Amino acid sequence: MPDSITAPRPYCARDFLAPESLDRADDTVIEIFRMMFGFEIGVVDVPDPNLPRPEPAELTAIVGFSGAMRGSCQIRIGSQAARSIASAMLGGAPIDEGDDSINDALGELCNMLAGGWKNGISALSSECALSPPTVISGKDYKVHMHKPSVSLSRTYQFEAHALYLTLHCEDIGPAER
Amino acid sequence: MKGTVLVVDDSAMMRKVVLRVLKMADVEFESVLEAGDGDQALALLRTNTVALIMCDINMPNMSGLQLLQQVKEEKLAIGVPIVMVTTENSEPQVRQAILAGARGYIRKPFTVDHIKNNVKPLLPA
């Protein structure tokens, strides 16, 4: 028997901001796009200026984290890009503009991204739960966090589209968990 | 393959994806039932006989794990393989699902090979 048992150190903003967090996000994005959609995707500092950005209508999907880490995973994408993803998920089946399956596909993508990211971080894997995804249409909105938070952002490019990922982590003390 | 497959997921898109990949893995059934949550799944299982259940975990109202418990309590789908299809794959969750009656576990994202390796062996030849 050990003399004492030390509880694992709570996951905090400093852990979240470590470079491994973004590496893990990149790996997750690449894995999902290859396996589920058959698209090659890569990180870009600035999206190709020739891309149609910003696209006329944007969609944002959000999945919340609770437990060892409180925060969210958000992806923002143009409507045409979301339509491409929905079509790829169905093996290339045509999807009409405005079809409900576009929002559904984007929500699932965000769910897989949030899950894949936190599953790859041992302090969060079994200690952090996901909320069901929410999808928002349009650009004129703001997401308010209750507590001070830190965030990590990344831009990816696939085919002729950009995908913006933001991970938020509430910067709270262990006593509040 | 004879019988019916039941796919339980709150995302209609994911239900389609699961059915598409099952087909690509040569796991095709005579008929398909779809449920958008645990309550719908229970209602279908009370009135239908199925040969395979593919079930998400993270669903509103009733989680996949709660559905497994209810299926066990009501003695529904006895002997039917239940495969969890989910983004959650921590060891405690996999263990919890297996203890609750799941026979297989597939993490999203998944490929045809994952279905071949994890679902096909659970079905009669």
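Please read all numbers here as calculations on a predicted model, not as lab measurements. So you know, we letter chains A, B, ... as the sequences are listed, proteins then strands, and number each from 1.
Through direct or relayed side-chain contacts under 4.5 Å between Ile, Leu, Val, Met, Phe, Trp and Tyr, A/M35 connects to no other residue.
Put simply, B/V50 and B/V5 are part of two different groups of oily side chains (I, L, V, M, F, W, Y) that touch within less than 4.5 Å, one to the next. Hydrophobic cluster membership is shared by A/M112 and B/V7, with clusters built from Ile, Leu, Val, Met, Phe, Trp and Tyr side chains linked at under 4.5 angstrom. In the hydrophobic clustering of this structure, B/V94 does not group with B/M54; members are Ile, Leu, Val, Met, Phe, Trp, Tyr whose side-chain heavy atoms approach within less than 4.5 Å, directly or through other members. B/L19 and B/L44 are not part of a single hydrophobic cluster, where members link through side-chain heavy atoms under 4.5 Å apart.
In this structure B/Q40 satisfies the side-chain hydrogen bond (donor to acceptor under 3.5 Å, both in side chains) test with no other residue, sequence neighbours excluded. Remark: B/V27 pairs with B/L22, B/A25, B/F29, B/I115, B/K120, B/L123 by the side-chain contact (heavy atoms from CB on, under 4.5 Å) rule, at least two apart or across chains.
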So which N and O atoms of chain B and chain A form donor-acceptor pairs under 3.5 Å?
residue	atom	partner	partner atom	Å
B/S11	OG	A/D104	OD1	2.6
B/S11	OG	A/D104	OD2	3.4
B/A12	N	A/D104	OD2	2.9
B/M13	N	A/D104	OD2	2.8
B/R20	NE	A/M89	O	3.3
B/R20	NH2	A/M89	O	3.3
B/N58	ND2	A/L130	O	3.4
B/T87	O	A/N119	ND2	2.5
B/E88	OE1	A/K118	NZ	2.6
B/N89	OD1	A/N119	ND2	2.9
B/R107	NH2	A/E31	OE1	3.4
B/R107	NH2	A/E31	OE2	2.9
B/K108	NZ	A/E108	OE1	3.3

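When all heavy atoms of B/V17 and A/M36 are compared, the pair lying nearest together is CG1-CE, 3.8 Å.
Interface summary for chain A: among B/M24, B/M59, B/M14, the most heavy-atom pairs under 4.5 angstrom belong to B/M14.
With a 4.5 angstrom heavy-atom cutoff, A/A86 touches chain B via backbone and side-chain atoms both.
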